Amino acid sequence: MNINCLRIVTPQPQVKLISLFSTRKSRTLILSLKLSSSVLMSYDKGFAAAKKAASIAARLCQKVQKALLQSDVQSKLDRSPVTVADYGSQALVSFVLERELPSEPFSIVAEEDSKDLRKDGAQDTLQRITDLVNDTLSIDGSYGSITLSTEDVLKAIDSGKSEGGSHGRHWVLDPIDGTKGFVRGDQYAIALALLDEGKVVLGVLACPNLPLASIRSDYQHSADKEVGCLFFAKIGAGTYMQPLNGSSPLKVQVTAIENSEEASFFESYEKAHSMHDLSSSIAKKLGVKAPPVRIDSQVKYGALSRGDGAIYLRFPHKGYREKIWDHAAGCIVVTEAGGVVSDVSGNPLDFSKGKYLDLDTGIIVTNQKLMPALLKAVKESLEEKASPL
Ligand SMILES: Nc1ncnc2c1ncn2[C@@H]1O[C@H](COP(=O)(O)O)[C@@H](OP(=O)(O)O)[C@H]1O
Ligand SMILES: [Mg+2]
Ligand SMILES: [Mg+2]
Ligand SMILES: [Mg+2]
C-alpha cells in the first residue's frame, strides 16, 4: 500500500487532503480533509507575542490619549495626523515582537517611519516618545530594567520598512488606526496581523475605548461604560474577545440576521474616508431602518465580529489606495467569526501585493447570508451613481 500526502491550494493554505492509494485495486480513497495541526501550532508563539505586543502598546496609547497636548500631534507630508502615541506604539510593538520571537526572521510592514523624527527640531518629540516607551516597558516589567535610547526607538520604528508580499512571513502593523478618532478622544485600534505566503494567518485588534458590552445602533460616549477590548483570531481557530486588562476570552460570532431590514451598518466617522451618500443609497435599497453607526478605525471590524452590527461599508473617494495595515487584522477577526470581507465584485481582499490593496472600488463586510443581497444593492447603487437619471 502506498500512502500519498497531497497538498492542495485552497483559501486556507494549511488544509491538507490526505489520500490513500491502494495499489491492488488502483482505487483512490479519500480518507480525510483535516487541518494540519503542525502548521497551526507554528503560529502559536507569534499569536501570544502579538497579543502581548498590542496590549502593551495600548497602555501607552491610553496614557497619551488621557493627556493629549496639541504639541503631541504632528502633520505628515500627506497632511494626515500622527501623534507621539503612533510612534511609541510602533516602537513598542516592534520591540516586543523581536524580543518574544528571537529565533525567527523578523519582517514588519508598518504605517509610520522615523523620517520626521530625525529632522532638526524633533529632538524633544523623540525624547518624549522614548520616555513614554521606557515608562510603559518599566510598568509592564517583563523585560527587567531595560532602557531604550532615542536611537533604539528610531531603529525599532524603522524596522517596519518591509514591503510584505507573497513570500515568507511578514507582520503588518497599524500602531494607531483611527488617529483622527484618537485625537478627538474617540475610537481607535492597535491593529497587528501576520501574513504567511500572502495570506493573513492571525490578527489582533486592541480597542482601548470600545465598550465591553455591545454598542449596537445606540452607540454613544458614556463615561460609566466599561471599555477596552482585545480581539484575536487565528486561521481555522475562530475569533475571541477579552477585556484588554484581563483574561477569560469569549468566542465571538457575527450576527445571524438574514433579513436586511433588521441590519444596522457601520461606516467611517470621517466623511473624507468613505462616501456616506453611497452607503445611504445602499442601506435604502436593503430596507435598513437603523441609522448608520459612524466610528473610527478597525474597531468597526471588531464590533461586527461580535454581532454589534451586521454590515460595514467603506467607499473611499476616487484615487485613494487602501493600505494592508488598515484591514489585515480586522479582516481575519471578521472572517474567523463567520463573516465575509470582499470588494464590490465579491472578491476577497488580496494582502499579497505589498503594502497596498488593489481593489475594485470599495470594501464591504457582512455575514454569509446577507452578502448576496448586499452585493446586488452595491452594484445597483454604483450604477445609479455612475449614470444618474
Ligand atoms: N481619503 C481617505 N480615504 C480612505 N481612507 C483614508 C483616507 N485618508 C486616510 N484614510 C485611512 O483611514 C484610516 C482610518 O479609517 P476609518 O475611516 O475607518 O477611521 C486611516 O488610518 P490611520 O488613522 O491609521 O492613518 C487612514 O489610513
Ligand atoms: Mg495614519
Ligand atoms: Mg490606519
Ligand atoms: Mg495609523
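All values below come from the heavy atoms of this structure, side chains included, with hydrogens, waters and symmetry mates left out. Since the model is a prediction, treat every value here as computed from it, not as a measurement. Just so you know, ligand 1 is whichever comes first in the structure, and atom 1 is the first atom listed for that ligand.
In terms of heavy atoms, Val254 sits closest to Val334 at CG1-O, 4.1 Å. A pairwise comparison of heavy atoms in Pro211 and Gln187 identifies CD-NE2, 4.3 Å as the closest pair. The two residues Trp325 and Gln298 come nearest to each other via the heavy atoms O-NE2, 3.0 Å. Shortest non-hydrogen contact noted between Lys76 and Glu112 is NZ-OE1, 3.0 Å. The nearest pair of heavy atoms linking Ser94 to Ile108 is OG-CD1, 4.2 Å.
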Derivation of the ring pair (Phe, Tyr, Trp, His ring centres under 6.0 Å) call for Phe231 and Tyr301: CA-CA 10 Å; Phe231 294 89; Tyr301 285 103; over 10 Å; no
Lys52/Leu97 under side chain to side chain contact (heavy atoms under 4.5 Å, CB included): CA gap, chis, key distance, verdict: CA-CA 9 Å; Lys52 180 168 184 178; Leu97 289 178; over 6 Å; no
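The hydrophobic cluster containing Leu101 also contains Val204, counting ILVMFWY residues as joined when their side-chain heavy atoms lie under 4.5 angstrom apart, directly or transitively. When hydrophobic clusters are built by joining Ile, Leu, Val, Met, Phe, Trp and Tyr residues whose side-chain heavy atoms come closer than 4.5 Å, directly or via intermediates, Leu313 is grouped together with Leu375.
Applying the 4.0 Å criterion to heavy atoms of Thr179 picks out, from ligand 1, the atoms 23 (O). Taking every heavy atom of Asp177 and a limit of under 4.0 angstrom, the matching atoms of ligand 1 come to 13 (C), 14 (C), 21 (O), 22 (P), 23 (O), 24 (O). Here is the list of ligand 1 atoms found below 4.0 Å of a heavy atom in Lys300: 16 (P), 18 (O), 19 (O). Of all atoms in ligand 1, listed by their number and element, those nearer than 4.0 Å to a heavy atom of Asp174 are 24 (O). In summary, the atoms of ligand 1 found under 4.0 Å from a heavy atom of Ala272, numbered by their order in the structure, are 1 (N), 2 (C), 3 (N). Proximity to Asp296 (heavy-atom distance under 4.0 Å) selects the following atoms of ligand 1: 19 (O).
Among protein heavy atoms, the minimum distance from atom 22 (P) of ligand 1 is reached at Gly178 N, 3.7 Å. Atom 25 (O) of ligand 1 has as its closest protein heavy atom Glu111 OE2, 3.1 Å. Counting protein heavy atoms only, atom 19 (O) of ligand 1 is closest to Ser297 N, 2.7 Å.
Side-chain atoms of Val293 and Lys300, non-hydrogen and from C-beta on, never get closer than 4.5 Å to each other. The side-chain heavy atoms of Phe351 and Leu357, taken from C-beta on, include a pair separated by under 4.5 Å. Put simply, the side chain of Pro208 does not reach to within 4.5 Å of the side chain of Gln65, judged on heavy atoms.
Residue contact annotation: Lys323 has no non-hydrogen atom under 4.0 Å from ligand 1. The closest approach between Ser80 and ligand 1 stays at or above 4.0 Å for every heavy atom of the residue.
Of the candidates Asp296, Val64, Asn209, Phe182 forms a side chain to side chain contact (heavy atoms under 4.5 Å, CB included) with just one, namely Val64.
Here's the thing with Ser268: one of its N/O atoms is less than 3.5 angstrom from an N/O atom of ligand 1. Of the N or O atoms in His273, one or more lie within a sub-3.5 Å distance of an N or O in ligand 1. By the 3.5 Å distance cut-off applied to N or O atoms, Pro316 is not counted among the residues near ligand 1.
Distances from atom 6 (C) of ligand 1 to the heavy atoms of Tyr312, Phe266, Tyr320 put Tyr320 nearest. Nearest to atom 15 (O) of ligand 1 by heavy atom, out of His327, Glu322, Arg314, is Arg314. Of the candidates Ile295, Asp186, Val299, Asp326, Asp326 brings a heavy atom nearest to atom 20 (C) of ligand 1.
Applying the side-chain hydrogen bond (donor to acceptor under 3.5 Å, both in side chains) test to His167 and every residue at least two apart in sequence or in another chain returns nothing.
At a heavy-atom distance under 4.0 Å, no atom of Gln298 approaches ligand 1.
Shown are the protein N/O/S atoms under 2.8 Å from the Mg ion (ligand 2), given by residue and atom: Glu111 OE2.
Classified by interplanar angle (parallel below 30°, tilted 30° to 60°, perpendicular above 60°), the ring pair Phe232/Tyr240 is parallel.
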